[in-house]
Amino acid sequence: MLRRISRLFRPYRAQVAIVGASILVTGALGVANPVLIKVVFDRALFPKGAGPHLGMLYTLVGVMIAIAIAGGAIGVGQTYLTSVVGQRVMQDLRNELYAHLQRMSLRFFTATRTGEIQSRLANDVGGVQTVVTNTASSILSNGVTVLSTLVAMLVISWQLTIVSLFVVPIFVWLTYRVGRARRRIASSTQQSLAELSAMTEETLSVSGILLGKVFNRQVDAVERYRAENQRLAELQVRQQMVGRSFFAVVQTFFSITPALIYLAAGVAIGHHTGPTITAGTIVAFTALQTRLLFPVGQLLSVSVEVQTSLALFERIFGYLDLPHDIVDAPGARPIAREEARGDVRLRNVYFRYDELAADGNGAGPRPWTLEDLSLEVGPGQLAAIVGPSGAGKTTVSYLVPRLYDVSRGSVEIDGVDIREIELSSLAELVGMVTQETYLFHASVRENLLYARPDASQEDLDTATRAAAIHDRILELESGFDTLVGERGYRMSGGEKQRLAIARVILKDPRILILDEATSALDTASERLVQAALVPLMETRTTIAIAHRLSTILAADVIFVLDRGRLVERGTHRELLSRGGLYADLYRQQFQGGLVEARCEDGVVLTSGDVLTTAAVG
């Protein structure tokens with residue numbers, strides 16, 4: 001763990017070397033003044049058989065002042081450089097963790113709460129910031145101070161040195177034990193903090209607040225928050241109090257040690273044992289002792305903080321060690337959008353989200369979400385995928401842009417396995433409008449430009465007109481610069497979906513995936529969007545996950561899925577004539593007691609669906 005942490009400092013080796021050199025210099029300068037004190041007392045102030053030696057005193061005092069000024073100046077520079085290096089390391093660590101998480105597959109995010117991820121980035125990384133910024137230099141600085149001071153103390157009086165240090169080994173061992181206890185508590189504290197962050201993110205979002213108000217669960221949410229917050233507070237108190245009695249003993253001993261030195265010196269002088277101990281020796285030694293005991297106490301305290309921070313580093317590195325399961329294969333190649341024909345094929349695809357996917361119908365274990373699925377959508381075709389809930393329709397839409405990898409079989413574009421296509425290239429080829437529209441808390445313009453940052457206003461106008469949302473945008477208080485609110489909550493469901501469709505139109509992909517893309521639209525808006533999408537679909541392959549009759553009637557081919565298997569394929573008329581699962585779904589969803597009339601001009605009227613033959617080609 002320590003080796004891995006030290007590697008974070010490698011890019012800043014030069015700065016670290018300068019800090020190390022400055023610490024050595026300040027360590028040497030720090031020892032100089034206590035040694036000079038002995039000379040001042042024994043040779044300048046109280047020389048044997050003579051009065052004060054003022055010339056020597058002036059010189060020694062001048063040297064001591066110069067050393068203090070130089071040490072202070074070097075200390076300021078050392079602090080600045082240490083802070084810069086520490087902050088750069090923290091910046092690199094945050095960037096690395098964020099970039100690593102961005103490359104994680106969708107599987108990771110569906111299994112992990114957003115608040116937990118945010119806690120790793122904010123609380124865990126923030127928790128080690130002080131240690132990374134100050135601890136390394138503090139350990140080195142205090143270490144140099146302790147070593148240099150010990151040498152000076154031994155030179156002055158090895159007997160008094162033994163008196164000063166005889167219990168330090170016991171303190172070091174106890175510090176190790178206290179540090180381990182703090183490390184365990186710190187890990188529990190961060191878990192509680194992550195739980196609190198996740199709870200906050202879930203319940204104080206627009207969706208969470210709306211759900212709580214609708215079901216009248218605000219009191220329950222407050223109680224859950226209070227309980228977890230109390231647990232966190234208790235853990236933080238324990239973390240602060242573990243070892244405090246031990247450190248109180250350490251500080252007490254360090255405070256009374258000078259008195260013990262005076263006692264030992266007095267006994268030695270009274271019994272005339274050992275070398276002669278002068279007043280200068282006692283003053284210099286107590287000055288050195290003060291310089292020694294403070295860094296020893298700092299080192300003991302820092303060692304405990306390091307143990308605490310190791311628990312946080314374990315959590316951070318735990319995320320950094322998570323493997324990326326969706327990556328470019330060796331030799332993966334790009335496919336330019338202009339070169340792609342848009343032929344999509346699934347060959348004997350098996351897929352499951354977990355080791356064992358549960359059957360949503362409660363009919364026993366279902367080992368595969370998709371099982372031996374093969375289908376093909378030709379270039380420029382509109383394919384509709386229908387089936388009962390849980391049949392695997394949306395899963396197919398996830399596999400084509402490689403949000404997940406198949407367990408067996410392959411997904412191909414123009415005869416090339418998508419695992420052999422660069423991910424960046426694949427993302428340019430495939431556009432997707434998902435069932436749940438997501439908009440950033442930003443302006444309409446910024447949300448649209450997310451698809452193509454270099455798009456002009458003319459491009460935005462064209463895309464929004466195609467999605468039948470342009471006039472509505474102009475009605476907003478600031479037009480394209482109007483904020484849409486968190487997750488687009490200032491927009492209606494239909495407006496959000498039309499914005500999402502405009503965003504994909506702006507991207508201009510070769511393959512278009514619509515996962516219930518018009519499900520939230522009213523009849524008139526859906527008809528407008530369908531009509532606008534017709535010329536768009538003519539130049540690209542479109543896969544539509546559909547329940548709406550309008551989308552199904554427009555399809556060149558319909559694939560019917562049930563429990564992850566392809567059970568039927570064909571056109572609307574062909575599938576109705578077979579009387580299979582599709583015919584059952586059609587009767588349940590589109591005919592249940594409703595009147596369907598066909599006029600001579602081809603207009604079809606169903607429950608809320610108004611569709612012209614021009615709109616569906």
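Excluded from the calculations below are hydrogen atoms, water molecules and symmetry mates; all remaining heavy atoms, backbone and side chain alike, are included. None of these values were measured; they are calculated from a predicted model. Residue numbers run from 1 in the order of the sequence given.
- When all heavy atoms are compared, the tightest approach of Ser407 to Arg352 is OG-N, 3.6 Å.
- Taking the charged nitrogens against the carboxylate oxygens, Asp417 and Arg347 have no contact shorter than 4.0 Å, which rules out a salt bridge.
- A pairwise comparison of heavy atoms in Thr541 and Gly380 identifies OG1-N, 3.2 Å as the closest pair.
- Tyr98 OH: 12 or fewer foreign heavy atoms inside a 6.0 Å radius.
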Would you check, one step at a time, whether the test side chain to side chain donor-acceptor pair (under 3.5 Å) holds for Asp459 with Ser456? CA-CA 5 Å; Asp459 296 328; Ser456 64; 3.1 Å; yes
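- Checked by atom type and distance alone, the side chain of Lys393 pairs as donor or acceptor with a backbone atom of Pro388 at under 3.5 Å.
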Could you go step by step and tell me if Gln87 and Gln91 meet the side chain to side chain donor-acceptor pair (under 3.5 Å) rule? CA-CA 6 Å; Gln87 290 300 327; Gln91 175 184 329; over 6 Å; no
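- Separation of the Phe108 and Tyr319 ring centroids falls under the 6.0 Å cut-off.
- Between Arg587 and Asp584, the closest side-chain pair of non-hydrogen atoms falls below 4.5 Å.
- Under the 4.0 Å criterion applied to side-chain N and carboxylate O atoms, Asp405 and Arg402 are assigned as salt-bridge partners.
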Given side chain to side chain contact (heavy atoms under 4.5 Å, CB included), test Glu412 with Ile418 step by step and report yes or no. CA-CA 5 Å; Glu412 299 175 359; Ile418 61 172; 6.0 Å; no
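- Applying the side-chain hydrogen bond (donor to acceptor under 3.5 Å, both in side chains) test to pairs two or more places apart or on separate chains, those with a residue in residues 321-335 are Arg4-Asp321, His100-His324, Ser105-Asp325.
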Could you walk me through whether His572 and Tyr586 pass the side chain to side chain donor-acceptor pair (under 3.5 Å) test, one step at a time? CA-CA 10 Å; His572 172 69; Tyr586 176 76; 4.5 Å; no
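- Listed here is the closest heavy atom pair of Val411 and Val400: CG1-CA, 4.2 Å.
- The two atoms that bring Arg445 and Asp481 nearest to each other are NE-OD1, 3.1 Å, heavy atoms only.
- At a threshold of 4.0 Å, the pair Glu234-Arg231 does not count as salt-bridged, since none of the basic side-chain nitrogens sits closer than that to a carboxylate oxygen.
- Remark: side-chain polar atoms of Ser443 are paired, donor with acceptor, to backbone N or O of Glu446 under 3.5 angstrom.
- A donor-acceptor contact under 3.5 angstrom links the side chains of Ser192 and Glu228, judged on distance only.
- A donor-acceptor pair under 3.5 Å is absent between the side-chain atoms of Arg510 and the main chain of Arg337, judged by distance alone.
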For Tyr350 and Thr369: C-alpha separation, side-chain torsions, deciding distance, then whether side chain to side chain donor-acceptor pair (under 3.5 Å) applies. CA-CA 8 Å; Tyr350 287 78; Thr369 304; over 6 Å; no
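- Within the 4.5 Å cutoff, the side chain of Asp343 has no heavy atoms near those of the Ile413 side chain.
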Is there a side chain to side chain contact (heavy atoms under 4.5 Å, CB included) between Val430 and Leu512? Walk through the geometry before answering. CA-CA 6 Å; Val430 181; Leu512 183 64; over 6 Å; no
Could you walk me through whether Leu403 and Ile326 pass the side chain to side chain contact (heavy atoms under 4.5 Å, CB included) check? CA-CA 8 Å; Leu403 299 179; Ile326 306 293; over 6 Å; no
I would like to know whether Arg408 and Trp368 meet side chain to side chain contact (heavy atoms under 4.5 Å, CB included); could you show each step before the answer? CA-CA 11 Å; Arg408 301 181 196 167; Trp368 298 103; 3.6 Å; yes
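- The backbone N or O of Pro509 lies less than 3.5 Å from a partner atom in the side chain of Arg540, making a donor-acceptor pair.
- Aromatic ring centres of Tyr398 and Phe351 lie farther apart than the 6.0 Å criterion allows.
- Heavy-atom minimum distance, Leu382 versus Ala544: CD1-CB, 4.1 Å.
- Glu568 places no side-chain N or O within donor-acceptor distance of the main-chain N or O of Leu575, the cut-off being under 3.5 Å.
- Ser425 places no side-chain N or O within donor-acceptor distance of the main-chain N or O of Ile421, the cut-off being under 3.5 Å.
- If you run side-chain contact (heavy atoms from CB on, under 4.5 Å) between Val344 and each of Ile543, Ile513, Asp414, Leu375, only Ile543 comes through.
- Counting all heavy atoms, side chain and backbone alike, Val349 lies closest to Ser410 at CG2-O, 3.3 Å.
- Of the possible donor and acceptor atoms, one in the side chain of Arg452 sits under 3.5 Å from a partner among the backbone N and O of Leu506.
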